There are 2 protein chains.
Amino acid sequence: MTAPAPRRSTKQREAVREALEASDEFVSAQALHQSMRAEGSTVGLATVYRALAALAEDGEADALQSAGELLYRACTKTHHHHLICRSCGRTVELEAAAVERWAGQVAAAHGFVEPDHVVDIFGLCAECAAERDARRSAG
Amino acid sequence: MTAPAPRRSTKQREAVREALEASDEFVSAQALHQSMRAEGSTVGLATVYRALAALAEDGEADALQSAGELLYRACTKTHHHHLICRSCGRTVELEAAAVERWAGQVAAAHGFVEPDHVVDIFGLCAECAAERDARRSAG
DNA sequence: GTGAAATTGACAATCGTTCTCAACAGCACC
DNA sequence: GGTGCTGTTGAGAACGATTGTCAATTTCAC
């Protein structure tokens, strides 16, 4: 086992957690840092990165990579997946017991153990789709 | 629409394609470049990046991000997913009509259109698991 | 063969992320 | 309320992957 990682609670980490929870979407560390700065915080960029990594490790945030960036979002602690609008970033949390089972079965069938999986669906949400259609028929 | 992108066939691009097809695993552009250099090619790193991006765009290679790196692998052109050993990189291509359907249904249920999805399963392949268990019980 | 245009390779530039390190702050103990 | 140990912070440098630049080269239609 690794060391139990004593984790102190600090103002900065709390601030990062709050800022993250204030957003419904996946945000980058950079963007979160900027918005915190804009609200008067003097938090450092490195601290935001560290806090987000800690939150993700503790299961209080979900992380995903998109376009070479690490994005974070405050999430429920239970295992789940995401449906993400690729235009506005709106996110819906999904439960998918069937997919979990499928992943486990497929892994086992090929002799793989300790399966972990990445299942995310990207699309255009209704609003963004409507907006785009309006623009398209207008253009 | 963007321009039809005239694509010339060059020795370098062919070399990159061959090098990629010679690997069963997902490899990074850097690693591919190194191995090509090691075999005597004088191909440039930027060229490898460009060739891989072109292959991925043409559907001749699949790309995924892992640990902040872009990894590529020569794949069949039909849509599929991957079961990847997180230790040795061994990869199994999966077809999963059920998951496709699920993704489409879930997206539609939430008003999302043009669903695209990322479904990859990571695990330990039988060999790597056995190896680790042997080491564990020995240690 | 000729010419226009895409491609190449070396290198610089960019961008996100992590590291370094001295100053600081949380927490357990007195 | 002090005191000390140790984790944490913030600024900037460092890092690594990727992309841009640009002159020289190569491809391809003619």
Side-chain angles (χ1 to χ4, degrees), chain A residues 1-20 23 25-58 60-73 89, chain B residues 1-20 23 25-58 60-73 89:
Chain A
M1 278 291 175
T2 55
R7 190 155 285 165
R8 293 183 183 169
S9 91
T10 64
K11 291 173 195 271
Q12 289 88 342
R13 231 196 288 275
E14 271 312 301
V16 169
R17 182 206 307 273
E18 281 177 29
L20 189 63
S23 169
E25 315 161 8
F26 275 90
V27 294
S28 68
Q30 309 258 1
L32 201 64
H33 176 241
Q34 265 192 291
S35 74
M36 290 176 75
R37 286 284 189 153
E39 306 218 345
S41 169
T42 61
V43 70
L45 179 57
T47 301
V48 174
Y49 272 100
R50 285 183 287 236
L52 287 174
L55 285 170
E57 192 178 333
D58 292 351
E60 301 193 50
D62 272 3
L64 66 81
Q65 285 193 12
S66 175
E69 267 189 336
L70 267 173
L71 302 180
Y72 292 91
R73 180 167 181 270
Chain B
M1 280 291 173
T2 55
R7 190 155 284 164
R8 293 182 183 172
S9 92
T10 64
K11 290 172 196 272
Q12 289 88 343
R13 224 189 302 267
E14 271 312 300
V16 169
R17 182 207 307 274
E18 281 177 30
L20 189 63
S23 169
E25 315 162 7
F26 275 89
V27 293
S28 68
Q30 310 258 0
L32 201 63
H33 176 241
Q34 266 192 289
S35 74
M36 290 176 73
R37 287 282 191 157
E39 306 218 345
S41 168
T42 61
V43 70
L45 178 58
T47 300
V48 174
Y49 272 101
R50 285 183 287 233
L52 287 174
L55 285 171
E57 193 179 333
D58 293 350
E60 301 193 50
D62 272 4
L64 67 80
Q65 285 192 13
S66 174
E69 267 188 334
L70 265 173
L71 303 179
Y72 293 90
R73 180 168 181 271

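Just so you know, these numbers come straight off a predicted model, no measurement behind them.
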| said: Can you measure A/R13 atom CZ to C/dC27 atom P for me and round it to whole angstrom units? | reply: 11 Å
| query | Hey, are the side chains of A/Q34 and A/Q30 touching, using non-hydrogen atoms and a 4.5 Å cut-off? | reply | no
| task | Side-chain contact test, heavy atoms from C-beta onward, threshold under 4.5 Å: evaluate it for B/D58 versus B/R7 and give yes or no. | result | yes
Show each protein N/O and nucleotides 22-26 of chain C N/O combination with a separation under 3.5 Å, one pair to a line.
residue, atom, partner, partner atom, Å
C/dG26, N2, A/R8, NH2, 3.0
C/dG26, N3, A/R8, NH1, 3.4

| task | Search all heavy atoms of A/S41 against all heavy atoms of A/R37 and return the closest pair with its distance. | result | O-CD, 3.4 Å
| remark: B/H33 NE2 to D/dG16 P, in whole Å, measures 17 Å
| Cationic N near anionic O, under 4.0 Å, B/K11 to B/E14 | no
| Where A/L32 and A/S35 come nearest, the two heavy atoms and their spacing | O-OG, 3.0 Å
| field | Side-chain donor/acceptor of B/R13 to backbone N/O of B/R50, under 3.5 Å | value | no
Filtered N/O pairs between nucleotides 16-21 of chain C and protein, under 3.5 Å:
residue, atom, partner, partner atom, Å
C/dT17, OP1, A/L70, N, 2.7
C/dT17, OP2, A/Y49, OH, 2.4
C/dT17, O5', A/Y49, OH, 3.3

| Taking atom C1' of D/dT8 as reference, at what distance in whole Å does atom CD of A/E14 sit? | 14 Å
| query | If you measure from CG on A/L55 to CD on A/E60, what distance do you get to the nearest 0.5 Å? | reply | 5.5 Å
| note | Closest non-hydrogen contact found for A/L45 with A/H33 is N-NE2, 3.4 Å
| remark: Between its two end axes (five pairs each) the helix from C/dG1-D/dC30 to C/dC30-D/dG1 turns, nearest 10 degrees, through 40°
| request: Specify the separation, in whole Å, of atom CG of B/L64 and atom P of D/dA17. | output: 16 Å
| B/M36 CE to B/T42 OG1 distance, which is reported to the nearest 0.5 Å | 9.0 Å
| query | If you check the A/R37 side chain, which of C/dT8, D/dA11, C/dG9 turns out closest? | reply | D/dA11
| message | Within the 4.5 Å heavy-atom criterion, are A/L20 and A/Y72 side-chain neighbours or not? | response | yes
| Do A/L71 and A/E69 have side-chain heavy atoms sitting under 4.5 Å apart? | yes
